[in-house]
Structure formats: structure tokens, C-alpha cells
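The next block holds one structure in the form of C-alpha cells; read it before the comments.
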Number of protein chains: 2
Amino acid sequence: MGAVTPPKQDRSRATRQRLLASAVACLAERGWAGSTVSVVAEHAGVSRGAAQHHFPTREDLFTGAVEYVAEERSAALRALPVQGRAEVVAALVDLYTGPLFRAALQLWVAASNEAQLRPRVTELEARVGRETHRIAVELLRADETRPGVRETVQGLLDMARGLGLANLLTDDTARRGRVVEQWAALLDDVLD
Amino acid sequence: MGAVTPPKQDRSRATRQRLLASAVACLAERGWAGSTVSVVAEHAGVSRGAAQHHFPTREDLFTGAVEYVAEERSAALRALPVQGRAEVVAALVDLYTGPLFRAALQLWVAASNEAQLRPRVTELEARVGRETHRIAVELLRADETRPGVRETVQGLLDMARGLGLANLLTDDTARRGRVVEQWAALLDDVLD
């Protein structure tokens with residue numbers, strides 16, 4: 001159908017994606033308190049009315065944005081060529097160090113204090129978490145029928161999340177590289 | 001000197017500690033945006049003027065509060081009777097699941113968007129992080145002169161931080177228990 005899609009629909013889709021990308025950027029840079037629908041619309045070069053047409057509420061816009069970017073990153077991760085464990089661990093950890101993680105973190109922390117946001121973000125976090133776990137199991141070629149393997153992969157993803165947090169205020173790249181190298185080696189012992 | 005300390009000094013010290021405890025509670029429950037000096041003073045049952053006498057700025061109050069509680073928890077951790085590795089790992093992970101971690105997380109995330117707060121919190125995080133690492137090495141009886149041991153302990157604390165994040169919106173106790181059990185066993189293999 002691609003070639004015959006009316007231009008209007010294309011434009012609408014492009015506007016939507018620009019809004020989602022801007023929402024993640026604003027959330028990462030300014031936090032929840034500084035990220036209103038108006039701020040995102042301006043960042044995206046879209047009118048406030050157009051923004052509200054796509055996303056009726058602030059919650060719709062920001063949970064939608066984190067989910068969209070998470071899905072994009074999952075797809076990119078799945079498309080990685082088959083690699084060694086150390087590279088896979090590094091790629092998984094990288095999921096938690098960029099603007100997406102910063103944006104998601106802002107959203108999680110805001111949700112912990114805002115009743116309106118909380119159920120939406122809780123549900124989103126569970127969904128994205130399950131998907132990331134599935135991808136990790138696949139890429140690591142982990143056999144979850146063996147005792148302890150599931151918990152090992154979960155702990156690895158928890159560590160990745162903690163490494164993301166450690167990178168929030170300072171550039172933690174060098175230390176993170178050494179931790180990842182060591183833990184990838186530990187993982188090899190368990191998974192093989 | 002304890003018995004002859006003037007009552008006025010005692011009262012001042014008690015007021016200070018009440019303010020610090022209230023600051024942590026407010027930060028954990030309401031986030032940075034909802035935690036002003038006035039809110040904390042009211043929570044502590046202290047006048048705003050008295051609060052400002054102890055803590056001239058909002059940054060002083062909240063970084064002071066997180067540091068104070070972190071020190072209290074470090075002292076409690078050091079005072080633990082000598083235990084097995086699994087118990088030590090569980091105790092370390094517990095550092096990241098209570099109101100202190102919630103408060104610290106709010107402060108970190110706020111600092112990532114607020115230039116005024118950022119250097120203070122970055123410095124505080126580094127200090128608390130070093131101290132926690134020192135305690136972990138001690139309690140785990142880890143020999144950091146052996147290759148990989150330092151990075152293993154660091155990764156464990158990163159995992160603990162990530163587990164704290166996973167507990168922010170939902171009660172993650174059951175899953176966390178299984179992850180801790182598995183990783184404590186892996187740790188034993190590396191450290192012995």
C-alpha cells in the first residue's frame with residue numbers, strides 16, 4: 001500500500017513521530033515538571049492544537065513517546081548480527097545509557113508521585129521490561145529451562161538499569177566498560 | 001560532656017534531625033518539585049525561620065538530609081553481625097529499596113535538570129558511593145587485589161541500584177529475592 005498512501009496521511013504520521021521524538025528529548029533534558037504539551041509542540045515545530053489532536057492528554061503523549069522509542073530500540077537490538085556474549089551484554093547495557101533511559105527515568109520518578117500517571121507508567125514499564133527480557137534471552141542464547149538462568153538474565157538487566165543510573169550525572173563510560181567486561185565473563189560461566 | 005550539654009543545644013540538635021528526617025520523607029513521597037523548605041518545616045513541626053536557621057538554602061537541606069540518612073544506614077550496615085554472603089548481599093540490596101533510595105533518586109533526577117543542584121548532588125553521590133563500596137568489600141570479605149574482584153563488587157552494587165529502581169512503582173520483593181539468591185551464589189564462586 002506504501003506508494004498509494006495519501007500524502008495527508010504521510011504528513012500526519014510524520015507529525016506524530018516528530019512529536020514523539022520531541023517528547024522524549026524534552027523529558028530527558030527538562031524532566032517531567034518542565035515538559036508540557038506546549039513545550040513539546042514548540043520543540044517539534046507543530047501547533048498546540050495539532051499536538052492535542054494526536055495526543056489528547058499529557059499522559060498519552062509521554063507514555064506514548066517512551067513506548068515508541070523503546071520499540072524502536074528493541075527492533076534495532078533484534079536486528080543486530082549474531083555476536084559474542086560480551087558484545088551482547090554491552091549492547092544491552094547501552095539501552096540504559098542514552099536519552100531514552102533518561103526520559104523513561106524521569107517518567108518513572110514522576111509516576112511515583114503522581115496518581116494520574118502511575119498506572120499508565122507501571123503498565124508500560126512491565127510491557128517494555130518483558131520485551132527486553134525476551135530479547136536478552138534470545139541474544140544471549142540463554143536456556144531458561146535450566147535452574148538459575150532466568151534469574152541470572154534478570155539480574156543482568158537490573159545491573160544494566162543501575163549502570164544507567166550511575167551515568168545520569170557523570171560520564172561513567174570507563175568504569176562501566178570494566179564492569180561489563182567482568183560480568184560478561186561471569187555470565188559465560190553460568191550460561192554455558 | 002553528654003550530661004552537661006545545655007538543653008538549648010539538645011533542642012537545636014533535635015530540631016535539626018527532625019528537619020533532616022522530614023526532608024527525606026517529603027522527597028520520597030512528593031518528589032523534588034513538591035518538596036520546598038516550607039513543606040518540610042511544616043512536616044517537622046518547626047517554623048520556617050528555624051528551618052532556615054539550620055539550612056540556609058533548599059539545596060543545603062536536601063543534600064544534607066540524603067547524606068545524613070546515608071551515613072546512618074552505613075553505620076547500621078557496619079554494625080551488622082558477621083554473616084554469610086547471601087545475607088550480606090540481601091542487606092546491601094535492601095539499602096536501595098527504602099525511603100532513602102526513593103529520596104536519593106528524586107534528588108539525582110532533579111539534579112540532572114537543575115544546574116544549581118547538580119554539582120552538590122554529583123559530589124554527594126560520589127562520596128556515598130565510595131563509602132558503600134568500602135562497606136561492601138568489607139562485609140563480603142572480598143580481596144580486591146585479585147583481578148576482577150573490584151569490578152564484581154561494583155557490578156553487584158549497580159545491580160542493587162537497578163533492583164531499587166524496579167521496586168519504585170510496584171512491590172518487586174518476590175522477584176528480587178530470587179535474583180539476589182542466584183547472584184549471591186555466583187558471587188561466592190568469584191570471591192572464594
Side-chain angles (χ1 to χ4, degrees), chain A residues 27-35 93 96 102 104-106 108-114 117-119 121-126 129 147-166 168-170 172 175-183 185-187 189-190, chain B residues 27-35 93 96 102 104-106 108-114 117-119 121-126 129 147-166 168-170 172 175-183 185-187 189-190:
Chain A
L27 207 48
E29 285 160 27
R30 308 178 189 212
W32 175 252
S35 295
V93 167
Y96 297 89
R102 271 167 213 270
L105 186 60
Q106 297 280 357
W108 287 338
V109 168
S112 78
N113 311 118
E114 296 208 16
L117 199 54
R118 191 174 184 127
V121 175
T122 303
E123 197 263 329
L124 171 63
E125 191 195 350
V149 166
R150 183 174 175 74
E151 290 74 21
T152 302
V153 175
Q154 287 181 331
L156 175 70
L157 292 174
D158 287 310
M159 187 189 75
R161 214 182 288 121
L163 285 167
L165 208 47
L168 188 64
L169 298 181
T170 49
D172 192 39
R175 186 191 75 95
R176 184 170 65 246
R178 294 190 295 268
V179 171
V180 163
E181 195 187 338
Q182 169 66 5
W183 280 60
L186 292 186
L187 214 64
D189 294 342
V190 186
Chain B
L27 207 48
E29 284 160 26
R30 308 178 189 209
W32 174 252
S35 295
V93 167
Y96 297 89
R102 272 167 213 270
L105 186 60
Q106 296 281 356
W108 288 337
V109 168
S112 79
N113 311 118
E114 296 207 15
L117 199 54
R118 192 175 184 127
V121 175
T122 302
E123 198 263 330
L124 171 63
E125 191 195 350
V149 166
R150 183 173 174 75
E151 291 73 20
T152 302
V153 175
Q154 288 181 331
L156 175 70
L157 292 174
D158 288 311
M159 190 187 73
R161 213 181 287 121
L163 285 167
L165 207 47
L168 188 64
L169 298 180
T170 50
D172 192 38
R175 185 190 77 94
R176 185 170 65 246
R178 294 189 296 268
V179 170
V180 164
E181 194 187 339
Q182 167 68 4
W183 278 95
L186 294 185
L187 216 62
D189 295 342
V190 185

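Only heavy atoms go into these numbers, but all of them, side chains included; no hydrogens, no water, no symmetry mates. Below, read A as the first sequence line, B as the second, and so on, with proteins coming before strands; counting in each chain starts at 1.
If you measure heavy-atom distances from B/Leu156 to chain A, the contacts under 4.5 Å come from both the backbone and the side chain. The contact between A/Arg30 and chain B is made entirely by backbone atoms, counting heavy-atom distances below 4.5 Å. For chain A, the nearby part of B/Trp183 is the side chain; its heavy atoms alone come within less than 4.5 Å. For chain B, no part of A/Glu181 is nearby; none of its heavy atoms comes within less than 4.5 Å. Contacts of A/Val153 with chain B are absent, with no heavy-atom separation under 4.5 Å from either backbone or side chain. Contacts between A/Ala28 and chain B at a heavy-atom distance below 4.5 Å involve the backbone alone (N, CA, C, O). The part of A/Val190 that comes within reach of chain B is its side chain, from C-beta onward, which places non-hydrogen atoms under 4.5 angstrom from that chain. Only the side chain of B/Leu186 has a heavy atom closer than 4.5 Å to any heavy atom of chain A. Proximity to chain B involves both the backbone and the side chain of A/Glu151, based on heavy atoms less than 4.5 angstrom apart. Of the two parts of B/Val180, neither the backbone nor the side chain holds a non-hydrogen atom closer than 4.5 Å to a non-hydrogen atom of chain A. Looking at A/Leu168, both its backbone and its side chain come within 4.5 Å of chain B, counting heavy atoms on both sides. For a residue to count as touching a neighbouring chain, one of its non-hydrogen atoms must lie under 4.5 Å from one of that chain's; by this rule A/Leu187 touches chain B with the side chain only.
For the atom pair A/Asp158 CG and B/Met159 CE, the distance stands at 7.0 Å (nearest 0.5 Å). The OH atom of B/Tyr96 sits 5.0 Å away from atom CG of B/Leu157, with the distance rounded to the nearest 0.5 Å. The OG1 atom of A/Thr170 sits 12.5 Å away from atom CD of B/Glu123, with the distance rounded to the nearest 0.5 Å. One finds the CD atom of A/Glu125 at 5.0 Å from the CH2 atom of A/Trp108 (value rounded to the nearest 0.5 Å).
Put simply, the side chain of B/Ser35 never gets that close to the backbone of B/Trp32: no donor and acceptor are under 3.5 Å apart.
Of all non-hydrogen atoms in B/Val179 and A/Gly155, the two that sit nearest each other are CG1-CA, 3.6 Å. Annotation for A/Arg118 and B/Leu169: closest pair NH2-O, 3.1 Å, computed over non-hydrogen atoms. Closest approach of A/Asp172 to A/Ala166, counting heavy atoms only: OD2-CB, 3.6 Å.
In terms of heavy-atom pairs under 4.5 Å with chain B, the best-connected choice from A/Glu114, A/Arg175, A/Arg102, A/Arg176 is A/Arg175. For the options B/Gln154, B/Arg150, B/Glu29, heavy-atom pairs under 4.5 Å to chain A are most numerous at B/Gln154.
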task = Could you walk me through whether B/Arg178 and B/Gln182 pass side chain to side chain contact (heavy atoms under 4.5 Å, CB included), step by step?
result = CA-CA 6 Å; B/Arg178 294 189 296 268; B/Gln182 167 68 4; over 6 Å; no
